[in-house]
Amino acid sequence: MKYNHLELEKKWQEFWYSNKIFRTPDLDELDKTKPKFYVLDMFPYPSGDGLHVGHPEGYTATDIIARYKRMRGYNVLHPMGWDAFGLPAEQFAIKKKINPRVGVLECINRFRKQLQSLGFSYDWDREVNTTDEKYYKWTQWMFLKIYNSYFDEKEKKAKPIEELEIPAGLTEDEKYEYINSKRLAYLSDSPVNWCPELGTVLANEEVPEQLEKGYTVVRRPMKQWSIRITKYAERLLEGLEKVDWPENIKKLQINWIGRSEGAVVKFKIKNFDLKVLEVFTTRPDTLFGATYMVLAPEHPLVNEITTEECRKEVNKYIEDSATKSDIERTELSKTKTGVFTGAYAINPVNNSEIPIMIADYVLLSYGTGAIMAVPGHDERDMEFAIKYKLNIIPVVVPEYLKESAIKYINSESKIIDDELQKYFDDVREGKICFVDDGYSINSGFISGMSTKDAKETIIKWLEENELGKRSVNYKLRDWLFSRQRFWGEPFPIIHLENGKIKALDEKHLPIKLPDVKFFRPSGTVESPLATIEEWVNTIDPDTGMKARRETNTMPQWAGSCWYYLRYIDPYNEEIFCDKKKENYWMPVDLYIGGAEHTVLHLLYARFWHKVLYDLGYVSTDEPFMKLFNQGIILGEDGVKMSKSRGNVINPDDVIKEYGADSMRMFEMFLGPLEASKAWSTEGLAGINRFLNRVWRLIINEETGELNSNIYDEEPPLEIKRLLHRTIKKITMDIEDGDMKFNTSIAQMMIFINEMYKQKTLYKSVLETFIILLYPFAPHISEELWNKFGNNDSLAYHPWPEYDEELTKADRVTIVFSVNGKVRGKREMDANLEDKVLEQAALEDPAVQRHISGKQIKKIIVVRNKMVNIVV
RNA sequence: GCCCGGGUGGCGGAACUGGUAGACGCGCAGGACUUAAAAUCCUGUUGACCGUAAGGUCAGUAUCGGUUCGAUUCCGAUCUCGGGCACCA
């Protein structure tokens, strides 16, 4: 009987799934004396193309861990679900004139079947689907929680809006406005990223991806929902210190959040005594070098301060930059442009009057939307100053000029040496722009101080004189949360006839998508939902007032912000997840997925989780303790798989020809999980050959019985040693979390190769090997385990322990080298005395050849390893 | 430009806290079995040179330099590939 993967894999999949072998019992039924392990995959978007070979990579890794942990006696939670809202499904539905729901269900069924054909040990009873009303009811519920919360600046956490202190003496309308201005979810009418091809707005985080696909993104003002993720910037940074994530992933999030420390400085405006212009700077120590100011063209003060002579030009500039998209602004940015407003600001440190410009290299959305320009020490300001012939003052010198600078500062008569003079001239002429830390100069009371001290001193001075204060800024922007799509979660929001916005009560949830046969794009900037009159027009259930539903839908990221919580309690209709269950299973112990979600999904989900934590719905403030990013699997030609290149490998074909076990093992054998690796059909055949070797080692292909050379006897010491080394290697590989299963498989191959050299085989040894193989290739392992006469499944069979003593070799090869060059080696007993090794080395004929006639200077002995003779 | 990772045979990749570089697999070559082929099994496989051979010598982990008895591993500089950010003041 040959190794028939088709038959045998079908058999065991049926056994696992129909008997619900991997069902994780409900909390009450669980043996809580056992430790828990929650191992999570990033759930897929069930696309029409079916499973990609990239999916099983991470899923195999988590499956190995999940199966291993069960054998180790853990209560394991290992679920799977579908992130099924999103653009492709919607576009497909428009083309086919169907409701996306129909297409999505087909895709999901196909995906589930494919995943099951790989034998993954998910608890399918916990499957979730973000587009299911029963699921998105809770997504909407969480939106309401966010909407009905504000951020308490003192406690640095979200609180219910009812607890918000409202200033006294406000009218009803003012109160309404005030509360709305504090909500964590808010409507704003600001420039957003509009993608005409997709007919929707995009979050900042999504823009690069769409541009890469060749779509255009333009800036246009629209009324949009945003979520105040920026309030959590600091906590999102702090949280990263508590989790076990790869350093580079942390770095990416840190950069994305983009924290910078500095100060806000207030500048008075000449002839506008009451107006104050605030700027954010990370270099308050260069304040003495500020020779002009720049406002973003959209800055609210521009209109007021512009003088009549300059108005025409200023207005033209504002108009021009408004029509430019962000990309155009960036592309044209190689040559900075700007115009003079005619107004002057007063530098608070020296009362000098400096011109106020507007330029689109200053962004309204960062800091205060205005800057003080220090052209001597900022490259952008320098470029601009040269072009518009603005004054440049050197106020920082590099380390090498420290001595000269001190002399210059301390002398009455301003002695200046040639080097310093040259530096001053170069800076003034725009030849040098020194942006690093150094020592202040030409800066009044901070002259001579190091940049660090100068910053501190000037901030203190600013604060004492109420001219500014210490400040921290983030690159992170609020999360643009609405999309003009049909296929997404509707907002539980209505717009009343009286112009007010109202959030519906949770008892009205879910707000279902209209059950239309098909729909058309609106043809405008509105969602297709806007065209479905019977859905849009509604009445306020509380007052009976006429109202229109919010027609925007939530972004795809919404549903994936909390799916890991729903798995814990998927059928609960009272709450999204029971607190006791949440408390038992959370946090996620291991989370594996692609690196493309580093800044989007992972940042949003962490934020979402923190809000739920603040409001008391979850017990941890970080959801994912350990994160691992798998690399991508490239085509056989070493480039990304794509239909157009024709290098796409279909998992179904692979499973059919070689089997799920071969597919799983091959993907693990390719290399470390995090690396990008090229597919190789020949490599796959190699793994299949290995599994065939395992099969034939144990099974007589003619009779289908166990091979006759397998004896139920005590194995010799050497075999035992090899077995225990193998157990140790595989155990350590799984335990250490590096996800390098390629070396585990290599060890299995070494083991099997050695067995092939043996005349006599031992049942206990081979059985133990089968247990080790099981997490990697579960189907063949179950079958062989069965063939050995065992009636139980390996799913919960105890993992073998290794004996440390047996993993140590009793004979070791000692290397003899002369001057670091290997000259000889000998196999010797382990743990011999240094003297013995030294003697053996000196006796070695090859060594003698190399040391004869030379003076021995030194002998270095490394126990069990080597002897090095220095001559 | 800035911030992260990497560069090891023909290929994918191994190498513990500095101690035999190239585990394991693929490919290739040779052999066994076969009428033959496939499959399978065995052997070899970093390069150059010397030797009929056993064997030996030298070079070698992107490049150059340093620390060390000894460096793929540590340090510095350079080249290069991949990823991320990109007027963020």
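Here is how names work: the chains are called A, B, and so on, in the same order as the sequence lines, proteins then strands, and each is numbered from 1.
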- Message: Tell me whether Asp834(A) is salt-bridged to Arg863(A), with the criterion being a basic N under 4.0 Å from an acidic carboxylate O.
- Response: yes
- Message: Taking the cut-offs as 6.0 angstrom to the six-membered ring centre and 45 degrees off its axis, would you call Lys336(A) and Phe384(A) a cation-pi pair?
- Response: no
- Message: Tell me whether Arg606(A) forms a cation-pi arrangement with Trp245(A), defined as NZ or CZ under 6.0 Å from the six-membered ring centre and within 45 degrees of its axis.
- Response: yes
Quick check: closest heavy atoms across [X] and [Y], and the distance to 0.1 Å?
| X | Y | value |
| --- | --- | --- |
| Asn391(A) | Thr291(A) | O-OG1, 2.7 Å |
| Met641(A) | Asn647(A) | CA-OD1, 3.2 Å |
| Pro375(A) | Met382(A) | O-CB, 3.2 Å |
| Tyr317(A) | Asp360(A) | OH-N, 3.0 Å |
| Leu364(A) | His299(A) | CD1-CA, 3.8 Å |

What nucleotide among [options] has an atom nearest to a side-chain atom of [X]?
| X | options | result |
| --- | --- | --- |
| Arg823(A) | C87(B), C4(B), U57(B) | U57(B) |
| Leu252(A) | G19(B), U20(B), G84(B) | G84(B) |
| Ser260(A) | A89(B), U20(B), C85(B) | A89(B) |
| Asp360(A) | A89(B), C87(B), U20(B) | C87(B) |

- Residues two or more places apart in sequence or in another chain: which of them pass ring-ring contact (aromatic ring centres under 6.0 Å, His included) with Tyr802(A)? none
- Does Phe669(A) have any ring-ring contact (aromatic ring centres under 6.0 Å, His included) partners at least two apart in sequence or in another chain, and if so, which? none
- Has His850(A) got a side-chain N or O lying under 4.0 Å from the OP1 or OP2 atom of U57(B)? yes
Name the pairing partner of [N], where a pair is Watson-Crick or G-U wobble with both distances under 3.5 Å, or state none.
| N | answer |
| --- | --- |
| G12(B) | C24(B) |
| C2(B) | G84(B) |
| G51(B) | none |
| U61(B) | none |
| G19(B) | C69(B) |
| G30(B) | C42(B) |

Shorter than 3.5 Å, N or O on both sides, protein versus nucleotides 39-45 of chain B: list them out with atom names.
from: U40(B); atom 1: O3'; to: Arg696(A); atom 2: NH2; distance (Å): 2.9
from: C41(B); atom 1: OP1; to: Arg693(A); atom 2: NH1; distance (Å): 2.5
from: C41(B); atom 1: OP1; to: Arg696(A); atom 2: NH2; distance (Å): 3.2

Can you confirm whether the side chains of [X] and [Y] place a donor and an acceptor under 3.5 Å from each other?
| X | Y | value |
| --- | --- | --- |
| Glu667(A) | Thr60(A) | no |
| Thr681(A) | Glu636(A) | yes |
| Ser662(A) | Asn688(A) | yes |

Whole-angstrom distance between [N] and [M], as gauged at atom [atom1]:
| N | M | atom1 | value |
| --- | --- | --- | --- |
| G30(B) | U78(B) | P | 49 Å |
| G56(B) | A62(B) | C1' | 30 Å |
| C69(B) | G18(B) | P | 16 Å |
| A39(B) | C4(B) | C1' | 48 Å |
| U61(B) | A23(B) | C1' | 15 Å |
| G9(B) | U72(B) | P | 14 Å |
| G44(B) | G55(B) | P | 12 Å |
| G82(B) | G12(B) | P | 15 Å |

- Item | Spacing of Ile358(A) atom CD1 and Leu301(A) atom CG [to the nearest 0.5 Å] | 12.5 Å
- Item | Distance (rounded to the nearest 0.5 Å) between Phe776(A) CZ and Met665(A) CE | 6.5 Å
Separation of [N] [atom2] from [X] [atom1] (nearest whole Å):
| X | N | atom1 | atom2 | answer |
| --- | --- | --- | --- | --- |
| Leu476(A) | C85(B) | CG | P | 14 Å |
| Met749(A) | C26(B) | CE | P | 7 Å |
| Asp436(A) | G1(B) | CG | C1' | 13 Å |
| Met382(A) | A89(B) | CE | P | 18 Å |
| Trp256(A) | C3(B) | CH2 | C1' | 14 Å |
| Gln630(A) | G83(B) | CD | C1' | 16 Å |
| Lys825(A) | A21(B) | NZ | C1' | 11 Å |
| Glu674(A) | C4(B) | CD | C1' | 14 Å |

- Message: Base, sugar-phosphate or nothing for Lys857(A)? Non-hydrogen atoms, less than 4.0 Å.
- Response: nothing
- nucleotides 65-75 of chain B: protein proximity per nucleotide (B base, S sugar-phosphate only, - neither; heavy atom, under 4.0 Å): ----B------
- Item | Contact pattern, 5' to 3', of nucleotides 9-17 of chain B - B, S or - by protein heavy atom under 4.0 Å | ---BSS-B-
- Query: Do the side chains of Arg826(A) and Phe816(A) get nearer than 4.5 Å, heavy atoms only?
  - Reply: yes
- Message: Judged by each residue's nearest nucleotide on RNA chain B, which is more toward the 5′ side, Ser817(A) or Ile371(A)?
- Response: Ser817(A)
- Glu234(A), CD: over 12 other non-hydrogen atoms inside 6.0 angstrom: yes
- Give, ordered by number, those residues of residues 679-687 of chain A having at least one heavy-atom distance below 4.0 Å to an atom of RNA chain B; if nothing qualifies, reply none. Glu682(A), Gly686(A)
- Query: G12(B): syn or anti, with syn meaning chi within 90° of zero?
  - Reply: anti
